[in-house]
Amino acid sequence: MPQIIFLPHEEICPEGAVIEVEPGITICDAALANDIHIEHACEKSCACTTCHVVVREGFDSMEESTEEEDDLLDKAWGLEPESRLSCQAVVADEDLVVEIPKYTINMVKEAPH
């Protein structure tokens with residue numbers, strides 16, 4: 001059974017996490033089922049970028065992103081070549097190392113005045 005290794009994220013999972021998942025589940029659903037609260041403002045319908053993640057290892061094991069996902073990713077904060085929307089990225093049979101970006105388009109914080 002493949003594992004998803006979540007790298008530490010200051011607010012969402014400070015210690016990082018390693019979870020075992022069934023192939024065929026999305027990264028977002030796997031995270032949410034394991035109390036890793038990835039933001040998903042559009043309710044996982046591929047209509048926003050709040051669930052953006054960077055797949056540091058295992059990226060090529062997943063199916064390619066759709067044109068719709070790519071169009072949305074172009075608007076994501078901190079876009080990288082291995083970026084995916086976690087609601088669309090389906091785990092195959094290889095382990096994944098996933099980084100949750102520091103910010104989402106909804107989370108960018110301004111310094112207090």
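Positions are given from 1, in the same order as the sequence printed here. Both backbone and side-chain heavy atoms feed into the values below; hydrogens, waters and symmetry mates do not.
Side chains of Ile12 and Ile36 form a contact here, defined as non-hydrogen atoms less than 4.5 Å apart. In this structure, Pro8 and Cys13 have side chains that are not in contact, with every pair of non-hydrogen atoms separated by 4.5 Å or more. At least one side-chain heavy atom of Ser83 sits less than 4.5 Å from a side-chain heavy atom of His52.
When the side-chain contact (heavy atoms from CB on, under 4.5 Å) test is applied to Asn34, the partners found at least two apart in sequence or on another chain are Ile19.
Rounding to the nearest 0.5 angstrom, the gap separating the OG1 atom in Thr49 from the CG atom in Leu79 is 9.5 Å. One finds the SG atom of Cys28 at 9.5 Å from the CD atom of Glu43 (value rounded to the nearest 0.5 Å). One distance of note links OG1 of Thr66 with CD of Gln88; it measures 6.0 Å at 0.5 Å rounding. Between the CG atom in Asp60 and the CD atom in Glu82 there is a gap of 8.0 Å [rounded to 0.5 Å]. Rounding to the nearest 0.5 Å gives a distance of 11.0 Å between CD of Glu63 and CD of Glu69.
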Notebook entry, point to check: What's the verdict on side-chain contact (heavy atoms from CB on, under 4.5 Å) for Arg84 and Ile27, showing C-alpha distance, side-chain angles and the deciding distance?
Noted result: CA-CA 10 Å; Arg84 291 295 304 265; Ile27 293 172; 5.7 Å; no
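Hydrophobic cluster membership of Met1, counting Ile, Leu, Val, Met, Phe, Trp and Tyr whose side-chain heavy atoms lie under 4.5 Å apart directly or via other members: none, as it forms a cluster of its own.
Annotation for Trp77 and Lys102: closest pair CZ3-N, 4.2 Å, computed over non-hydrogen atoms. Smallest separation of non-hydrogen atoms from Cys48 and Leu85: O-CD1, 3.7 Å.
A continuous path of Ile, Leu, Val, Met, Phe, Trp and Tyr side chains, each step under 4.5 Å between heavy atoms, connects Ile25 with Val55, placing both in one hydrophobic cluster. A continuous path of Ile, Leu, Val, Met, Phe, Trp and Tyr side chains, each step under 4.5 Å between heavy atoms, connects Val21 with Met62, placing both in one hydrophobic cluster. Hydrophobic cluster membership is shared by Ile4 and Phe59, with clusters built from Ile, Leu, Val, Met, Phe, Trp and Tyr side chains linked at under 4.5 angstrom.
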What side-chain donor-acceptor pairs closer than 3.5 Å can you find for residues 89-101, not counting sequence neighbours?
{"unit_1": "Asp95", "atom_1": "OD1", "unit_2": "Gln3", "atom_2": "N", "d": "2.8"}
{"unit_1": "Glu99", "atom_1": "OE1", "unit_2": "Arg56", "atom_2": "NE", "d": "2.7"}
{"unit_1": "Glu99", "atom_1": "OE1", "unit_2": "Arg56", "atom_2": "NH2", "d": "2.7"}

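For Ser86 (side chain) and Cys51 (main-chain N/O), a donor-acceptor pair under 3.5 Å exists by modelled atom type.
For the residue pair His40/Thr50, the side-chain donor-acceptor check at 3.5 Å is not satisfied.
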